[in-house]
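For reference, the structure discussed in these notes is given below.
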Amino acid sequence: MAWELTRSCNLDCVHCRAAASKGPYEGELTTEECMRILEEIAQVAQPILILTGGEPLLRADLLEIARRARELGLRPVLATNGTLLTEDLARRLKEAGVARASISLDGASPEAHDAFRKMPGAFEGALRGIAILKKVGLPFQINTTVTAQNLEELPKVHELAKSLGAVAHHIFLLVPVGRGKELAEESLPPEVYERTLHWFYDQRDKAGLHLKATCAPHYYRILRERARAEGKSVTMETFGLDAVTRGCLAGTGFCFISHRGVVQTCGYLEIECGNLRQQSFPEVWWGSEVFRNLRDFKRYKGKCGRCEYLRVCGGCRARAYEATGDYLEEEPLCTYQPRKSL
């Protein structure tokens, strides 16, 4: 679960889903509302809870929220640009129960990263934040959004993630929403998208850190195709969590809460599924029509609906919605042709 605690941010990143800026933004959830929502979430499950934004470090009650989430058995992690971290704050985040922090690097040099982030000094700020996390012993991962603009940077960022001591490198294939719509023409063509995911698979045995492809559901089809070609079984022992998760988790194993309490299946599929100021979280999670539709694979359309990899891939529902206006339609960036009907 990703929770946009605030939309305010100290950067103006070119690809931002939320088109976040300095703010302030009216109507953000109060501390009391956040505490109630945490208790309601715990009635349904004990998920990994991504505390995100905007920039979540701008939320004054962040430590209080993280601490309460941990008390309830949830697993809070932090998604930050890293530029506002201090050693004292990092220690307090760790003490509050934050298990991991993610910091985004979209280039391996100040020139590449800062151009993407639209902020001089963002690269050095992120590296400074990483150094602080290492010093206090808070594990961190590197996130990279991949577009045609920075595709050549990806191998360099991957090597940088390893050299910095990251525990994971997660890549995100651009979904053109928010300010990301301005980058729609820089989305990877389907063939390049496919090659990039094959490259990412090739790093598995030599990376030395966990790899995950997000907003790239095709990867879970590629993983199985490659494993079969190599005579491997897709098991937890061989592929870890990738063996049991699936590509698009929107509405099935993942959801998003906005700074105003609006629930979506993910941050990129901009359809309101409920409002936690008017409904409880269990009511939305179990009762939303959109959530229920996404869990019924018989409703999926086009080649996604007849694909043998539907249950492990699912196609990006947000890209389908942006391309067609129907979140159940086929994924527009997939080159695969189903071999059989379900």
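Residues E4 and S258 bring no donor and acceptor atom of their side chains to less than 3.5 Å of each other. A donor-acceptor contact under 3.5 angstrom links the side chains of D61 and T31, judged on distance only. Side-chain atoms of N81 and T83 include a donor-acceptor pair closer than 3.5 Å. Inspection of the Y336 and H218 side chains reveals no N or O donor paired with an N or O acceptor under 3.5 Å. Remark: the Q141 side chain and the H170 side chain contain an N/O donor-acceptor pair separated by less than 3.5 Å.
Taking E159 as the reference, K162 meet the salt bridge (Lys or Arg N to Asp or Glu O under 4.0 Å) condition, with sequence neighbours excluded. For R92, the side-chain contact (heavy atoms from CB on, under 4.5 Å) criterion is met by L63, D88, L89, E95, not counting sequence neighbours. Under the side chain to side chain donor-acceptor pair (under 3.5 Å) criterion, D205 pairs with no residue, sequence neighbours left out.
Ring geometry for Y327 versus Y321: interplanar angle of 30 to 60°, hence tilted.
With hydrophobic clusters built from ILVMFWY side chains whose heavy atoms lie under 4.5 angstrom apart, L85 does not share a cluster with V77. In terms of hydrophobic clustering, with Ile, Leu, Val, Met, Phe, Trp and Tyr side chains grouped at heavy-atom distances under 4.5 Å, V167 and L160 are assigned to different clusters. With hydrophobic clusters built from ILVMFWY side chains whose heavy atoms lie under 4.5 angstrom apart, V263 does not share a cluster with I50. In terms of hydrophobic clustering, with Ile, Leu, Val, Met, Phe, Trp and Tyr side chains grouped at heavy-atom distances under 4.5 Å, V284 and M35 are assigned to a common cluster. At a threshold of 4.5 Å between side-chain heavy atoms, the hydrophobic network of Ile, Leu, Val, Met, Phe, Trp and Tyr places I222 and L151 in one connected group.
A donor-acceptor pair is defined here as one N or O able to donate and one able to accept, closer than 3.5 Å; such a pair exists between the side chain of E283 and the backbone of S280. No side-chain donor-acceptor contact under 3.5 Å links D106 to the backbone of T144. Distance alone, capped at 3.5 Å, places no donor-acceptor pair between the R224 side chain and the V312 backbone. Listed for the T252 side chain is a donor-acceptor partner under 3.5 Å among the backbone atoms of L249. Between the side chain of R221 and the main chain of C313, no donor-acceptor pair closer than 3.5 Å is present. Side chain of Y300 to backbone of L294: a donor-acceptor contact under 3.5 angstrom is found. Side chain of R317 to backbone of E329: a donor-acceptor contact under 3.5 angstrom is found.
Cation-pi geometry between R295 and W285 is met: under 6.0 angstrom from the ring centre, within 45 degrees of the axis.
Open room surrounds NZ on K135; 12 or fewer heavy atoms of other groups in view lie less than 6.0 Å from it.
Taking CD of Q279 as the start and OG of S288 as the end, the distance is 8.5 Å to the nearest 0.5 Å.
In this structure, E124 does not pair ionically with R128, as no charged nitrogen and carboxylate oxygen lie closer than 4.0 Å.
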